[in-house]
Structures are given as structure tokens and as C-alpha cells.
Amino acid sequence: MQIRDYILRRLMVLPLLIIGTSIIVFVLTRVGGSPIGIYLSHEMGPEQVQQIRERFHLDDPLPVQYFYWAQGVLSGDFGWSGVSAAPVTAVFPSKLAATMELAIASGIVAVVLGIWMGTVAGARRNKWPDHVIRVVSIAGASLPLFWFAIVLLIVFWVHLGWFPIGRSDPVIFDSIAHPTGFYTIDALIALSPRAFWDAIWHLILPAIALGYGATAIVARMMRSSLVEELQEDYVEAARAKGLPERLVLKRHARRNALIPTVTVIGLTFGFLLQGTVVAEIIFRWPGLGRWMADAVLRGDQATIMAYVMFASILFLFVNLVVDVVYAYLDRRVVLGE
Amino acid sequence: MVDASLSRPPVRRAPVETAARVRLRRTLELTGRVLSDPTTVIGLVIIILMLAMALLAPVITTPNVPDPYQMPRDWGAVRMPPLTEGHLLGTTNNGGDVLYGVIWGARTSLYLSLLVVSITVVVGTIIGSIAGFLGGRFDNVLMRIVDVFLSIPELIFALAIAAVLGPSFANIVLALAVTFWVKYARIMRAQIIRVKQNDYVDAARVIGDSKLRIYFKDILPNSITPVMVQATMDMGHVVLVGATLAFIGLSEAGIAEWGVLVSEGQAGISSGRWWASTFPGLMVFLWALAFNLVGDGLRDALDPRTEGR
Amino acid sequence: MLTNLEEHDAIVRAPDVIASVRDLKIHFRGKRGMVHAVDGISFDIRDGETLGLVGETGCGKSVTARAFLRLVQTPPGVYAGGSITFRPRRVCDDCSGVGCRECDGTGRVAAHCPACGGKGCRTCGGTGEETVDLLSIPDAQMRALRGNRIAMIFQDPGKALNPGLTVRDQISEVFLQHRTAEILAAAGVSPNDVLLRRQASQKSRAFEKMLLAVPPLRSGRNRVDAALDTMVADALAQTQIPNPRKVMDRYPHELSGGMRQRVMIAQALACNPDLLIADEPTTALDVTVQARILELIRELQQRHKTAVLYISHDLSLVRRVCDRVMVMYAGRVAETATSQQLFRRPTHPYTRGLLGALPGRGAHRGRLAAIDGTVPELVDPPAACRFVGRCPDEVAACSRTDPPMVEIEPEHAAACFVHAPPGKAAATRPVRTP
């Protein structure tokens with residue numbers, strides 16, 4: 001089968017890209033100097049320092065060091081996170097869940113809202129809803145997240161007091177078990193409406209801040225591809241069959257317009273992922289993004305490397321999935337090129 | 001559609017219409033098309049105002065001594081709201097005048113975007129051209145590197161680079177340059193490969209032009225338009241990402257840069273001091289918006305499908 | 001209003017006319033003014049005949065055809081005047097559409113005039129048959145006719161079939177829109193079953209579809225689907241597609257061009273329409289396939305006695321397929337005649353030019369072998385013959401007044417001063433002019 005070959009080929013390239021990324025990241029962190037600072041304290045003498053240098057192979061040439069690092073990574077050892085004062089692997093899962101919860105919530109908002117906005121704009125081309133949505137989506141591509149989030153906070157947290165800041169009310173958060181780490185899902189599992197509401201209430205503002213830019217991207221793509229589809233002959237043919245306009249739009253034009261829109265969803269995901277760094281700082285969200293930001297400010301190399309590796313692997317993987325879904329949806333596509 | 005020039009009486013003007021004149025006429029036509037779109041004009045107006053602000057900064061405000069790019073501190077007027085005497089847009093927690101930051105921030109942003117865009121355009125164009133022109137193994141290796149670069153989300157990559165180099169504005173420039181050249185290399189390579197297949201390049205080769213001459217005379221002028229569009233958009237995008245990095249804390253504290261100012265003002269918002277973050281952030285938004293609008297307009301105008309040649 | 005009644009009378013007097021176009025004007029708002037794409041044309045389509053509509057690209061053929069389905073995009077299009085009167089039939093009760101003696105094998109019988117119930121009144125002009133003006137009926141009524149009483153075959157089946165839906169999905173839509181009662185009857189489902197009736201008329205919303213997937217309701221849904229499948233397969237079988245049940249599950253891109261056009265034809269003829277509009281149905285096909293598709297359309301048309309409006313720029317094709325031909329030029333009718341008359345005695349200089357452009361006929365026609373120039377732009381045209389400037393036989397009157405349609409022989413009329421001079425026009429009977 002064609003599609004399986006395609007997936008296999010893509011999966012074979014994936015490790016190469018990941019190795020390439022890891023080399024770039026590794027070289028990058030070493031350019032900034034030796035990572036030894038994290039392990040040192042004022043009481044250590046020169047011999048102890050030398051011991052550490054040898055223990056972590058810091059005197060070996062760079063390729064050898066990379067080899068040791070890669071060996072560690074493959075056995076699940078990402079090093080010591082100076083920011084968290086714990087091994088990277090120990091703090092990673094809970095922070096990952098917090099970040100993914102935020103990113104997925106914004107992603108869902110962006111996809112649903114973006115497709116809806118794009119459909120409305122495309123179906124009423126050059127009428128006022130189209131103009132409004134066009135302005136909104138152009139603004140979305142230029143809006144600095146760090147500013148938009150702060151403006152939202154100023155209006156809805158400081159002045160109106162409608163929404164809280166942070167990820168949860170600690171008392172409610174601690175009252176339920178956290179098997180998955182996703183607060184909303186844990187609340188559902190614990191059958192606690194109070195915790196679920198708490199989770200949603202905290203999620204709304206950061207999800208809007210983070211999702212706006214992505215919504216704009218999706219809406220714009222959806223609009224232009226819908227406009228293109230509506231010019232196609234098969235749309236006229238559907239009308240000639242006696243279909244009501246609602247079905248012409250939904251069953252015929254929109255369905256095909258969704259196909260190119262899928263491709264930007266992968267792009268959107270990278271956008272959301274990098275946005276979490278900023279959104280988590282501003283909304284005091286205890287996730288990977290804020291962890292990364294802390295690590296960046298303190299020069300914590302192990303954390304930075306772990307984060308960048310994670311982000312790029314996730315990004316690559318999402319794009320692979322998107323490409324496969326696209327190939328599946330658009331049966332006209334000739335795979336491989 | 002019949003070209004209008006064909007139906008005119010046959011005045012012998014062919015020798016007068018030199019290549020330079022043709023280019024001039026096309027540029028004028030293009031300008032007309034760009035200016036016929038109201039959103040593009042809005043973008044242009046904002047850009048002109050921003051540039052005026054950046055260039056006239058030392059005239060409008062009294063430059064801080066010794067370093068005008070450093071925020072002046074008025075410790076006698078800390079946390080003043082907008083419309084205070086002498087501080088039209090208020091002051092920050094540390095007595096920095098927000099208006100001064102907004103104006104000199106434009107200068108900083110202009111400096112940042114021009115520097116990054118010119119470096120990346122030159123580097124990207126050269127590398128992409130070599131890859132596209134030579135092809136073969138060099139091209140293969142280069143494109144794999146490009147793939148790897150593109151597999152790390154932009155901001156995260158720049159963040160990691162800037163983090164490793166240490167917090168300073170110069171390192172933000174460097175980090176952005178390292179991240180952004182890839183796009184140009186890709187565009188340029190694709191363009192060259194496309195243009196290379198056109199007949200007129202073959203024609204030039206038959207005449208016996210040297211490779212370098214073909215490149216400068218035929219390929220480069222025909223490949224440069226998408227690079228121009230991307231560069232225009234990046235003038236805005238660089239400032240957006242740069243300000244984000246500065247906001248996270250990768251620039252020296254206290255310089256007159258919009259991201260730094262938003263970060264400085266962030267501490268005060270819970271106490272209701274909204275102005276110190278709002279105004280500089282708005283400037284970043286307008287800056288990015290303006291270049292996006294113009295870039296969009298330029299792309300539409302240059303689109304060969306709408307170009308009536 | 002008075003003229004409208006007169007137009008109705010026209011149909012009344014000719015009981016075999018199924019559709020009648022009077023003074024149709026369709027304009028397009030352009031950058032430089034109103035483009036008169038169709039500028040006051042009148043013609044009739046008779047029951048069971050194939051009427052060819054011929055002309056160069058941009059002469060208004062396709063716009064005229066789309067007006068029958070009211071598919072001209074407005075804006076930029078404007079229906080600027082005129083009427084298209086249409087006499088829709090209904091499915092024959094005696095044979096439920098299969099074809100019997102009662103309906104002369106067509107499966108269609110006249111629909112009763114809603115005003116008098118078939119007794120004959122002023123609205124229907126005494127015939128007792130329903131007549132509608134396609135340009136003024138409400139949208140819902142128009143939709144009920146589209147694909148049902150008037151169907152269309154498009155030029156490029158590769159583009160006119162939705163790439164994302166299977167052949168089954170696309171053909172079943174026609175039945176779902178127009179044959180809900182038949183589907184339910186074939187499935188043995190009570191017409192009062194709301195959920196299934198909504199399914200059989202393509203009205204189900206997402207939650208209803210979920211409901212229908214639940215076991216007790218599922219069997220009803222499956223029966224409706226099975227009945228629909230049979231109807232789709234029958235429609236496909238009519239077009240001589242081998243293995244229709246297999247083809248049903250295919251996507252258009254998996255089929256050859258000829259197969260796609262067969263699917264398109266099956267879709268158009270699914271509801272046994274009274275009028276079939278074929279917009280250059282073979283232009284996008286390979287030459288070898290063209291002949292077979294043409295044959296198929298001809299055969300199906302004769303079996304069901306369907307009236308066909310056949311649009312083409314290819315005169316030799318039209319000669320093979322059509323009973324009568326109407327030549328259009330720049331939004332006007334240039335000449336109408338039976339196929340034989342047109343080829344035997346082409347009168348309008350434009351028709352003669354077109355014939356001269358045919359290969360193998362140009363040799364003895366000298367300078368008319370090809371027509372110089374292109375169709376003029378139709379922005380606010382003056383009152384003059386549209387062919388002025390390209391016409392080899394121009395006289396002074398041509399650029400001063402519109403030439404009226406003048407009868408040359410029975411069934412044959414042309415709008416030209418040269419071959420039916422103004423003086424002679426009084427002697428010959430002018431055919432209805434706008």
C-alpha cells in the first residue's frame with residue numbers, strides 16, 4: 001500500500017532528524033562554556049573540581065562528550081536539573097502534563113474557532129463578517145503574546161476579577177489524586193465537579209491568550225481554501241443537483257477546504273509550544289515552559305537541552321502525523337513528493 | 001487580452017526602451033498596485049511614523065547620558081500614572097519614563113531588525129544560491145541541515161542560543177541571525193532551481209556568458225522578489241521575537257527596549273499600574289502589524305497571477 | 001404583466017413546447033460597466049427534442065444554460081429581464097416512472113396546474129398543466145426542480161464531481177433530495193418515521209446520525225441505505241457502467257475520464273428529468289471516448305424522450321446529435337433552424353463563417369474559411385448588429401439598427417439585413433422579436 005510506504009519512509013528519516021537536532025543542541029550548549037558550574041560549590045578544592053571534570057568526561061574532545069551524553073539520554077538519563085535541584089527525568093512528567101493541558105486546550109480552541117471563523121468569512125466573502133474576521137486574523141499574526149497576555153490579566157484579573165491566575169487553587173488541587181497529571185482529567189476521574197470547575201476556570205484566560213494567534217492562522221487558511229473550493233465546478237454541480245446551500249457549503253465545499261487547513265495545524269502546534277514559554281511565565285503556570293525560562297536565565301544546560309530536545313521531537317512527530325493525515329484525506333495527493 | 005502597446009501606431013521606439021527603462025516602468029507600475037490597497041497604505045503610514053520616531057528620537061527627547069539607549073531614572077517620580085507632568089505616559093517601578101522607552105525603543109527595534117534582516121538575507125541568499133546553483137552533494141548536505149534547523153520551533157531555538165551566549169542585546173541579535181537565515185536559503189535555492197530551468201538562462205549559456213555573469217544578470221534579479229517579501233515580513237517578525245526574548249530576560253536590564261519595558265512593568269500590574277507594560281507592548285504590536293500588512297500587500301502585488309504583463 | 005400573459009399564450013398554442021425563453025437578458029457588473037452577456041434572446045425547447053446551442057467562447061451559451069437552473073452567480077450577474085417559462089412534469093402514477101403506455105414510455109406525465117387542478121384556467125392558459133417562470137419562483141421551488149426536472153451535465157467531469165466523496169455518495173444525493181418517498185417505500189419504512197424520513201431527505205444532523213447507529217434504530221437505517229444503493233446502482237447501470245456496485249465505492253479520481261462522464265450522466269438522469277442541459281459534455285474527453293459518450297446521451301435521450309439543450313462550439317458534433325440548432329453570437333440569437341436546414345442553407349454570415357471554419361469545407365468558401373477577429377466586448381453595446389466589423393457582407397443598416405429575426409423558410413430564421421433585407425422583412429412574417 002502506498003500510504004504505508006510513505007509512513008515508513010517518513011519514520012526512517014525521523015531518527016536522523018532527531019540525531020541532527022541533538023548534535024546542534026549539544027554543540028550549542030557547549031559553545032557557551034563548560035557546564036561544570038552547576039556541580040560546583042565554594043567549598044570544593046582544585047582536586048575535587050578535577051574529579052568532577054573527569055567524572056563527567058569534560059576533558060574529552062566534544063564528539064566523545066556527545067557520545068557519552070547520547071548514551072545517557074538513551075538510557076533515560078538527561079542529567080541534573082539545577083533549576084529544580086532534581087534529575088531532569090524526575091520533574092519532567094508533572095510539568096509536561098501541565099504544559100500539554102494548556103497547549104491542547106488552546107489548540108482545541110484554535111482549531112474549532114479558527115475553522116468556524118474561516119468558514120463564516122469564506123462563505124460571506126467581502127461582506128462585513130469577512131472584513132471583521134480578516135482584521136482579527138491579521139492582528140493575530142502580529143500580536144505579541146507577552147503583551148496580549150498581560151493586557152488580558154490587567155482587564156480580567158486585576159480590574160474585573162473574573163478569572164484567577166496560576167493553574168489551580170492549591171487546596172482544591174491537593175484534595176484529589178493526580179494519576180494522569182492533567183488537572184481536568186484528574187478532576188473527572190475523581191468525580192469532583194469543584195476541582196473540574198477550578199481547572200477550567202484557571203485554564204480559560206491562558207488558553208485564550210495562547211490560542212489567539214493560532215486561531216488567526218487557522219482561520220486565515222480556512223478562509224482562503226474555502227474561497228478557492230467555492231469556485232470549483234463541483235460546487236456548482238452540487239447546486240445543480242438541488243442541494244440546499246447549507247449542504248453545498250458543509251458537505252461539499254467545507255469538507256474539501258479542511259484538507260489544506262490540516263497542514264497548518266502542524267505549524268500551529270509549534271506556535272503553541274513556543275508560546276507556552278511566555279504564557280506560563282505570565283500566568284504563573286507550573287509547566288515546562290516556565291521551567292525552560294528559569295533554566296535559560298540561570299544557564300542550566302541539562303534542562304535547556306532536555307527541553308529543546310523534547311520540543312523538537314514533539315514538533316517533528318506532530319508534523320509527521322499531520323502529513324500522514326493530509327495524505328490520507330486528500331486522495332488526489334501523489335505520495336512521496 | 002491584447003497588450004495595449006501593440007495596438008498603438010508603430011513608432012520605432014524599441015531601441016529607446018532599454019532594460020533599465022523597462023525596469024523603471026515596472027517598478028512604477030508595482031508601486032501603483034501596492035498603493036491601491038488601503039490596508040497596505042495603513043501599514044506604510046505606521047512604518048513611516050515609526051521610522052520618524054526612531055530617527056528623530058534624540059530631537060524629541062533629551063538623550064540620556066552617557067548611554068541614550070539606557071533608560072533614564074527619575075527616582076523622584078516613581079510609579080507615576082500617565083499624564084503626569086514631565087512623564088506623559090507615566091513612569092515604571094524604577095522611575096523610568098515610559099514615553100522615553102517607547103521612543104528610544106523604536107530606535108532599538110529599527111537597529112535590531114535592520115541588523116538581523118540584512119545579515120540573514122545576505123547569508124541566506126549566498127548559501128541558498130550556492131546550493132541551488134551547484135546542486136549535488138553540497139546541496140544535499142545543506143538541505144539536510146536546513147531540515148534540522150526547521151525542526152526546532154523558532155522561538156525555542158533562539159531562546160536556547162541566546163541562553164547559552166548569555167543575556168545581552170547583542171546576543172539576541174546573534175541568536176535571531178542564527179535562527180532566521182534558514183528561510184532565505186530555502187527560498188533562494190528553490191527560486192534558483194526554478195529560474196535555472198527557464199529558457200533565457202539556456203540562451204545566455206549558449207551565447208557563452210560565464211556562470212557568475214549569468215547569476216548576476218539573469219538569475220539574481222529574477223529570484224529576488226520572494227526574498228524581498230519575506231524580508232519585509234521579517235522586519236516585523238524579528239522585532240516580535242526579539243522583544244519576546246528580551247521580555248523573558250535575555251537582554252540587559254534597564255535598556256530602552258519594548259520587551260524589557262513590558263517585563264519591567266509586569267511587576268506592577270497586580271497593583272493596578274497598567275501603563276508601564278501596555279504602551280511598549282502596543283508598540284511591538286503596531287510595528288509587527290505594519291510590516292505584515294505591507295509584506296502581504298507586496299506579495300499580492302508581486303503575485304504573477306495578478307501581474308498583467 | 002400583459003406581455004407576460006402573452007408569453008404564456010405562446011406555450012399554450014404549442015403544446016409540445018416544454019420550455020420557452022422570452023427576451024432573456026443577463027448582464028454582469030464589470031469594472032468598466034455592464035457586460036451584456038445575454039442580451040434579449042428568445043427561443044423554445046420542444047418536448048423530446050435535442051436543441052443545439054452553438055457559438056464561440058464568450059457568446060453567452062453557458063450563461064443561457066445556467067439561467068435554466070438559475071445558477072448564474074448574482075453578483076456579479078444580474079437577471080436583467082425576460083422570462084423562462086417551464087412546464088415541469090411529474091412521475092407517472094401508473095408505472096411509477098418505469099414507462100408504460102399511459103405515459104408513452106417516458107415515465108413522466110403532465111403535472112396539474114395548481115390553480116385549477118387540471119381543469120384549465122387563466123393561469124395555465126386552459127391547458128390544465130402546471131407552468132412556472134424559472135426566474136421568479138421562490139428558491140425552495142427552484143431547488144426542487146434542479147436535478148429533478150431539469151438536470152445538467154458539466155463540461156469536465158473531473159472537476160464537476162467532488163473529489164472527496166464516493167460515486168455512491170454523490171449520486172445518492174439526487175435521490176435524497178428529490179425521491180424521499182420512493183426511498184422509504186423501497187425500504188419498506190413507514191413515511192411517518194420522522195428519523196428515517198429525515199435520513200432519506202439528507203436532513204439528519206450529527207446527533208440524529210449517532211442515534212441511527214444505535215442497534216434498534218440501525219436496522220431501519222440499513223434498510224434505507226440498501227434501498228438507496230439499489231437506486232444508485234440502477235442509475236449507474238443505465239449508463240452501461242460494468243459492475244455498478246463496485247464503481248459506487250470508488251472516488252472520482254480512481255475512474256477514467258469516460259467513466260466519470262458516465263457517472264455524471266447517471267447522476268443527471270437519475271430522476272428522469274424533463275430537460276437535460278449538456279454543457280459541452282465531450283470537450284474534456286479523449287476523442288475515442290467522445291463518440292461513445294455522445295452515443296450514450298443520444299440513446300438515453302431517445303429512450304426517455306428527454307428534451308436536451310446541447311451546448312457546443314463544435315458544429316460537426318451538433319449536426320450529428322441535434323434536431324434543431326440555434327446559433328448565438330455575442331449574447332444574441334443569430335440564426336435558428338433545423339439541423340438539416342442550417343447545413344443546407346446557412347443564412348447568417350456568422351453561421352456561414354462557422355461552417356467555413358470546419359475542416360474539409362473551407363476550400364471552396366474562400367475568404368470565409370475563418371472569421372477574423374474575436375467576439376466583441378459586450379460592455380454597454382450600441383443598437384447595431386453585433387457582427388459589424390467582422391462581417392464580410394456588411395451594409396449601412398447593420399451599424400444603425402438591430403436586425404430583427406426574420407423567417408427565411410418554415411422553422412428557419414436569421415437576424416440579418418443582408419440575407420433578409422429590411423424591405424423584404426415586411427413581406428416575410430417576422431418571428432417573435434423582443
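A note on names: the letters A, B, ... follow the listed sequences, proteins ahead of strands, and every chain is numbered from 1. Atoms considered below: every heavy atom in the structure, side chains included; atoms not considered: hydrogens, waters and symmetry mates.
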Trainee: Side chain, backbone, both or neither: which part of Ile313(A) has a non-hydrogen atom closer than 4.5 Å to chain B?
Mentor: neither

Trainee: Which bit of Ile145(B) is near chain A, if near means a heavy-atom gap under 4.5 Å: side chain, backbone, both or neither?
Mentor: neither

Trainee: Give, as side chain, backbone, both or neither, the part of Ile138(A) having an atom under 4.5 angstrom from any heavy atom of chain B.
Mentor: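 Interface part for Ile138(A): both.
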
Trainee: Could you look at Asp147(B) and say if it's the side chain, the backbone, both or neither that has a heavy atom under 4.5 Å from chain A?
Mentor: both

Trainee: In Å and rounded to the nearest 0.5 Å, what is the CG to CG distance from Leu288(A) to Leu102(A)?
Mentor: 11.0 Å

Trainee: I need the residue from Ile304(A), Val13(A), Leu143(A), Leu17(A) with the largest number of non-hydrogen atom pairs under 4.5 Å to chain B.
Mentor: Leu143(A)

Trainee: State the CZ-CG distance between Arg137(B) and Leu142(B), to the nearest 0.5 angstrom.
Mentor: 14.5 Å

Trainee: Arg290(A) versus chain B, heavy atoms under 4.5 Å apart: side chain, backbone, both or neither?
Mentor: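 Neither; nothing under 4.5 Å.
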
Trainee: Just give me the residue among Val284(B), Leu282(B), Ile161(B) that pairs up with chain A most often, heavy atom to heavy atom, under 4.5 Å.
Mentor: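 Option with the top pair count is Leu282(B).
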
Trainee: What distance do Leu114(B) atom CG and Ser109(B) atom OG have between them, rounded to the nearest 0.5 Å?
Mentor: 10.5 Å

Trainee: Please assess Val262(B) against Phe146(A) for the test side-chain contact (heavy atoms from CB on, under 4.5 Å), listing each intermediate value before the final yes or no.
Mentor: CA-CA 8 Å; Val262(B) 174; Phe146(A) 65 88; 3.6 Å; yes

Trainee: Among Thr39(B), Ile156(B), Leu150(B), Ile152(B), which residue forms the greatest number of heavy-atom pairs with chain A at distances under 4.5 Å?
Mentor: Ile156(B)

Trainee: Side chains of Ser22(A) and Tyr66(A): is there a donor and an acceptor less than 3.5 Å apart?
Mentor: yes

Trainee: So which of Ala295(A), Gly289(A), Ala139(A) has the largest heavy-atom pair count under 4.5 angstrom toward chain B?
Mentor: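 Of the options given, most contacts go to Ala139(A).
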
Trainee: So which of Pro167(B), Ala290(B), Ser271(B), Ala243(B) has the biggest tally of heavy-atom pairs under 4.5 Å with chain A?
Mentor: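 Sorted descending by pairs with chain A, the first entry is Ala243(B).
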
Trainee: Quick one: which of Leu286(B), Val241(B), Leu159(B) has the most heavy-atom pairs under 4.5 Å with chain A, could you say?
Mentor: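 That would be Leu159(B).
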
Trainee: Evaluate the criterion side chain to side chain donor-acceptor pair (under 3.5 Å) for residue pair Glu257(B) and Ser251(B); output intermediate values, then yes/no.
Mentor: CA-CA 9 Å; Glu257(B) 200 278 341; Ser251(B) 141; 5.8 Å; no

Trainee: Tell me, side chain or backbone of Ile24(A) under 4.5 Å from chain B's heavy atoms, or both, or neither?
Mentor: side chain

Trainee: Between Asp130(A) and Lys127(A), is there a side-chain N and carboxylate O pair less than 4.0 Å apart?
Mentor: no

Trainee: Tell me, side chain or backbone of Met292(A) under 4.5 Å from chain B's heavy atoms, or both, or neither?
Mentor: side chain

Trainee: Rounded to the nearest 0.5 Å, what separation is found between the OH atom of Tyr307(A) and the CZ atom of Phe92(A)?
Mentor: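 It is 9.0 Å, given to the nearest 0.5 Å.
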
Trainee: Using 0.5 Å steps for rounding, measure from the NE2 atom of His202(A) to the CZ atom of Arg284(A).
Mentor: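 That separation rounds to 11.0 Å.
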
